[in-house]
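The next block holds one structure in the form of structure tokens; read it before the comments.
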Amino acid sequence: MAFSRISLVVLLLFIITVHVVESRSVLGDIVMNNGRSLLQYPPQLNCNSACQTRCSRNWRYKMCLKMCGACCSKCSCVPPGTGQDTRNVCPCYDQMRNPHGQLKCP
């Protein structure tokens with residue numbers, strides 16, 4: 001009787017140990033992304049400089065900066081470059097529309 005209880009306790013400790021070790025390896029993959037925890041806030045984007053780069057070739061520079069700044073503050077993302085071909089890099093930025101259904105973000 002005593003042997004079966006000890007065996008049961010040892011078996012339970014073994015199962016718990018295996019579970020803890022496996023969960024640590026899974027959590028290590030989930031929690032760390034490029035050395036940063038996924039639970040932390042993303043690094044703050046400098047909207048002014050990102051929008052200046054984005055709008056540098058736009059013929060309506062001031063309007064572009066205004067709209068890009070509004071989109072950046074909401075989405076925390078500005079697509080790289082100046083062309084429309086990179087809009088899909090930031091889905092929130094890409095899908096924002098004005099009341100007339102036109103693309104809001106330059």
Side-chain angles (χ1 to χ4, degrees):
M1 188 76 153
F3 179 73
S4 63
R5 285 187 182 185
I6 292 174
S7 298
L8 182 62
V9 168
V10 170
L11 180 64
L12 285 174
L13 287 174
F14 177 75
I15 291 172
I16 291 171
T17 304
V18 168
H19 178 70
V20 167
V21 169
E22 286 180 5
S23 66
R24 281 188 180 178
S25 65
V26 170
L27 285 176
D29 294 340
I30 292 173
V31 172
M32 296 305 287
N33 181 19
N34 295 330
R36 190 174 60 83
S37 171
L38 294 177
L39 301 176
Q40 293 176 343
Y41 287 109
Q44 188 65 27
L45 175 67
N46 184 345
C47 289
N48 289 335
S49 65
C51 288
Q52 285 176 355
T53 302
R54 180 80 180 160
C55 296
S56 64
R57 294 187 181 172
N58 194 297
W59 66 283
R60 296 184 70 187
Y61 183 73
K62 287 184 180 180
M63 179 62 77
C64 181
L65 280 179
K66 178 181 175 184
M67 298 312 295
C68 180
C71 295
C72 178
S73 64
K74 181 167 183 166
C75 298
S76 297
C77 181
V78 174
T82 58
Q84 298 297 316
D85 55 334
T86 58
R87 290 180 67 86
N88 60 349
V89 173
C90 301
C92 170
Y93 188 98
D94 187 33
Q95 296 170 0
M96 287 183 74
R97 305 273 179 182
N98 67 15
H100 303 291
Q102 299 166 332
L103 292 172
K104 179 175 184 175
C105 306

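On a predicted model such as this, the values are computed, not experimentally measured, just so you know.
Of all non-hydrogen atoms in Leu45 and Val78, the two that sit nearest each other are CD2-N, 3.9 Å. In terms of heavy atoms, Asp94 sits closest to Leu103 at O-CD2, 3.5 Å. Of all heavy-atom pairs between Arg87 and Arg54, the closest is CG-NH2, 3.7 Å. For the residue pair Thr53 and Thr82, the shortest heavy atom distance occurs at O-CG2, 3.4 Å.
Each of Leu11, Ile6, Leu13 was compared with Val9 under the side-chain contact (heavy atoms from CB on, under 4.5 Å) criterion, and only Leu13 meets it.
In the hydrophobic clustering, where aliphatic and aromatic side chains (Ile, Leu, Val, Met, Phe, Trp, Tyr) are joined below 4.5 Å either directly or transitively, Trp59 stands alone.
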Considering only distance and modelled atom types, tabulate donor-acceptor pairs under 3.5 Å from the side chains of residues 63-75, sequence neighbours left out.
unit_1 : atom_1 : unit_2 : atom_2 : d
Ser73  : OG     : Gly69  : O      : 3.3
Ser73  : OG     : Ala70  : O      : 2.9

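Counting heavy atoms from C-beta on, the side chains of Tyr93 and Pro106 come closer than 4.5 Å.
For Arg60, the salt bridge (Lys or Arg N to Asp or Glu O under 4.0 Å) criterion is met by no residue, not counting sequence neighbours.
Between the side chain of Thr86 and the backbone N or O of Pro79 there is no donor-acceptor pair closer than 3.5 Å.
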